[in-house]
Amino acid sequence: MDKVFYITTPIYYVNDVPHIGSAYTTLAADILSRYMKMRGRKVFFLTGTDENAPKVAEAARAKGESPLTYCDRMAEEFKKTWDYLDIQYDAFIRTTEKRHFEVVRQFLQKLKGRGYIYEGYYKGWYCIYDETYFREEEVQDGLCPNPECRRPLQRVQERGYFFKLSAFQEALLPFLNEDKRVLPDFRRREVINFVLGGLRDLYITRQRNDWGIPFPDDEQLQVYVWVDALINYLTAVGYLQDDELFSSLWPPDVQLMGKDILVRFHATLWPAMLLAMELPLPRLLFGHGFWTVQGEKMSKSKGNVVNPLTAIREIIRFSGCEESYAKDALRFYLFRSTPFGADGDFSYENLRACYNGDLANNLGNLLNRLTTMSTKYLDGEIPPPGYDYSTEVHSVLKSYQEAMEELAFHSAIASAFTLLDLANKHLDETAPWRLYKEGNIQAVRNSLGTAIELLRISAILLYPFLPSASREILSRLGFSSAPSFKEANWGLFTEERKGIKIKAGTPIFPRMEEVIKISNQEKEITIDDFAKVDLRVGKIVSCKVVEGAEKLYQMEVDLGELGKRRTIAGIAQYYTPSELIGKNIIFVANLAPAKIKGLISEGMILAVDAPGQVVIVTPEKEVPPGSKVR
RNA sequence: GGCGGUGUAGCUCAGUGGUAGAGCACGCGGCUCAUAACCGCGGGGUCAAGGGUUCGAUACCCUUCGCCGCCA
């Protein structure tokens, strides 16, 4: 029996809602999964959430929730998003599951039993935000050396355990030197360079902060999150728990991830861990590119993070297409416009060009003209092809398949679209509208049947990228069965078509006529929206630390005619009370009150959130408290 | 700094030892079944710069410049 095709995405951090980046990976897995299913393979598609990181607990507490409640909520959020995006995963693992704890602990115990874990003393720095340890010589100023981060580091000087990563430097090379085990190929070379640069043993424990997995036999320590995270791929398929299940699935056929976690983790640490346990290595690791937005890096602080749900709403808004096809359109755009291994730049301008060019003008319009002509000329008949394009189809199938095997999604789409070009060209050359006027109905049938057949086959090939639209196209053409690769052959079903009528319908991808100029429409507000915010100048009259929260200040602010207000602000790390008292600041006076640490905060102080610091905003000249800001 | 990649039409990119291609955009023509869609034709590029190998290089080699990636 064929091995089940096992596909994984990384497990996603739950300290943020799903965005276009995580959706990209998960959509890719879905595309591959649908393709493999279409080829008749059994597929196991795994995704999930990474919940044991210290920063997850921090994020939860910042929101005043227990870590577990918070994780429950966020895991649901991910599932909901994937469901909405028509992503059909087979399993969703959460690293806080009990079975995962057990597998991780047993895994480490076995690792120790094999002599690959030893006790030692670790001295260095740790960045809680990046979940990364840094050596002494990498840190000059006590701040995270990652230029994007630059947050204060934790000093670490502790007893703990190390994984003998250095023992696998040589053993990893045969795997890395194999063709098409790590893609794209330029990333594979990076991995090799990295490994040849010398592997050091990895410190795999940290002091316990009652969130995370306790280290076996030394329970006051906690397992380093990356070790825990990687083992999810084993837990989810029954490792050490269900041997039969495990042997039917292991090893993963494709493991997808962003380029950031390929080199160090998935192509080095992970295979080393597997080699240590003498487990077969994944067949293919793929590190895809990142998305920028109009040339800029996506980041929360820039506020330009693309939410897939927003993007879909924009597609609907500007095209008027149905929601399910808008989802298809987003998916299509992401994989059509950029090679999967490369970085892409997201813009609504590009999206529109891609949508109109391929989906509206080419695919949608072809469907529309064929259904119209069949209805008009042939009373809805779906005739068999009168011309033979089997050679062309055959070569397209070949290149499509080769592309899909290497996850070269954009070129797979391109080959499918050559069939649509052929169909449009064929219609132009045979001109069924003229044949109809000449009364040559058989010639009309031959012509339309040919174009329909080309469309039918390309709809099958496009199914992984356009699941809803593909089914709709096939259904309008009289084929209701689930798309299958076996049916992507020239001239099938000519008998079955008799008596079945074409279903005319409204265009599935109506053109986007409007030019979308703004990258994120939701960000645009009117002057009236802005006027809703009552901004005032306020003078800070008192300031002290909130009890039990050393990052928070509780302050009294004089707003002149509006009286005095109490506000809570998280700026204690950046200002001393004496620096603040007497200062004029800008205050949001009509903000709904909020309870923070048991205290009511009635408004907020404006401050600049700059890397590594927070700076409060003050009027440039002395003005009376209560003055309006606009 | 080390290693690697890349620089080709307005844009995105493909490509080969014999003096360049696709898609989009633009212009013209055709068609009228169709979502002003479709089909055809066209403009436009000292193929980053300089040097070398060669009968001949955009392609191979060297150097320079620009951009990008990796180096726990």
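All chains are named by letter (A, B, ...) in the order of the sequence lines, taking the proteins before the strands, and each is independently numbered beginning at 1. Keep in mind that the numbers below use all heavy atoms, side chains included, and drop hydrogens, waters and symmetry copies. Just so we're clear, the structure is a prediction, and the values are computed from it rather than from any experiment.
Distance A:Asn350 CG to B:U12 C1': 9 Å, rounded to the nearest Å. In this structure, the NE2 atom of A:His288 is 16 Å from the C1' atom of B:G69, given to the nearest Å. In this entry the distance linking CZ of A:Arg352 with C1' of B:C11 reads 15 Å, nearest Å. Nucleotide B:U6 holds its C1' atom 13 Å from the CG atom of A:Asp343, rounded to whole Å. The nearest whole Å value for the distance from the NZ atom in A:Lys297 to the P atom in B:G69 is 8 Å. A straight line from CG of A:Leu359 to P of B:U35 spans 17 Å, rounded to a whole angstrom. To the nearest angstrom, C1' of B:G23 lies 12 Å from NE2 of A:His410. The CZ atom of A:Phe417 sits 14 Å away from the P atom of B:G23 (whole-angstrom rounding).
Among the atoms of the strands shown, none is found under 4.0 Å from any heavy atom of A:Tyr436. Note on A:Leu370: nothing from the nucleic acid sits closer than 4.0 angstrom, heavy atoms only. Within 4.0 Å of A:Asn365, counting heavy atoms only, lies at least one base atom of the nucleic acid. Residue-level contact check: A:Ala360 touches the bases, meaning some heavy atom is under 4.0 Å from a base atom. Within the 4.0 angstrom heavy-atom criterion, base atoms lie near A:Gly364. Within the nucleic acid shown, A:Pro432 has no heavy atom closer than 4.0 Å to any nucleic acid atom. Looking at heavy-atom distances under 4.0 Å, A:Arg187 makes contact with sugar-phosphate atoms alone, never a base. Backbone-only contact: A:Lys376 has heavy atoms under 4.0 Å from sugar-phosphate atoms and none from a base.
Nucleotides B:A20 and B:G27 are separated by 27 Å at their P atoms, to the nearest Å. Rounded to a whole angstrom, the distance from the C1' atom of B:A14 to that of B:C24 is 14 Å. Going from the P atom of B:G23 to that of B:U63 covers 38 Å, rounded to whole Å. Rounded to the nearest Å, the gap between the P atom of B:G52 and that of B:A57 is 11 Å. Comparing B:U32 with B:C39, their C1' atoms are spaced 12 Å from each other, to the whole Å. B:C3 sits 30 Å from B:A9 when the P atoms are compared, rounded to a whole Å. For the C1' atoms, the distance linking B:A72 with B:U12 amounts to 35 Å, nearest Å. Comparing the P positions of B:G17 and B:C11 gives an interatomic distance of 27 Å, to the nearest angstrom.
Shown here, B:G21 forms a base pair with B:C13; the pair counts as Watson-Crick or G-U wobble because both key distances fall under 3.5 Å. In this entry B:C26 has B:G42 as its Watson-Crick or G-U wobble partner, both defining distances falling under 3.5 Å. For B:C67, the paired nucleotide is B:G5, the pair qualifying as Watson-Crick or G-U wobble because both relevant distances are below 3.5 Å. Base pairing of B:G50 is made with B:C62, judged by Watson-Crick or G-U wobble geometry with both donor-acceptor distances under 3.5 Å. Pairing for B:A36 is absent, judged as Watson-Crick or G-U wobble with the two contacts each under 3.5 Å.
Candidate nucleotides B:C39, B:U35, B:C31 were compared by shortest atom distance to the side chain of A:Arg511, and B:U35 ranks first. Checked against B:G40, B:G5, B:U32, the side chain of A:Arg189 finds its nearest nucleotide in B:G5. Side-chain proximity of A:Leu199 to the nucleotides B:C38, B:A72, B:G5 is greatest for B:A72. In the set B:C3, B:C38, B:C70, the nucleotide with an atom closest to the side chain of A:Glu190 is B:C70.
For the pair A:Leu366 and A:Asn362, both in contact range of RNA chain B, the more 5′-proximal nearest nucleotide belongs to A:Leu366. Both A:Thr372 and A:Asp358 sit near RNA chain B, but only A:Asp358 has its closest nucleotide nearer the 5' end.
In this model, the phosphate group of B:C33 is approached by a side-chain N or O of A:Lys437 to a distance below 4.0 Å at OP1 or OP2. Close to B:U32, at under 4.0 Å from its OP1 or OP2, lies no side-chain N or O of A:Arg434. Here A:Asn368 reaches the OP1 or OP2 of B:U35: one of its side-chain N or O atoms lies under 4.0 Å away.
At least one test fails for A:Arg159 against the ring of A:Tyr122: distance under 6.0 Å to the centre or angle within 45° of the axis. With a 6.0 Å cutoff to the six-membered ring centre and a 45° limit on the axis angle, A:Arg206 does not count as a cation-pi contact of A:Tyr224.
Taking the six-membered ring where the residue is Trp, A:Tyr436 and A:Tyr377 present parallel rings, their angle staying beneath 30° rather than reaching 60°. In this structure, A:Phe162 and A:Tyr203 have tilted ring planes: the angle between them lies in the 30° to 60° band. Using bins of under 30°, 30° to 60° and over 60° for the plane-to-plane angle, the ring pair A:Phe340/A:Phe335 lands in the tilted bin. Using cut-offs of 30° and 60° on the angle between ring planes, the pair A:Tyr116 and A:Phe168 is tilted.
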Please evaluate residues A:Asp358 and A:Tyr333 with respect to the criterion side-chain hydrogen bond (donor to acceptor under 3.5 Å, both in side chains), reporting the C-alpha separation (whole Å), side-chain torsions for both, the decisive distance (0.1 Å), and the verdict.
CA-CA 10 Å; A:Asp358 286 341; A:Tyr333 164 66; over 6 Å; no
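The line from CD of A:Glu429 to OG1 of A:Thr450 is 11.5 Å long, rounded to the nearest 0.5 Å.
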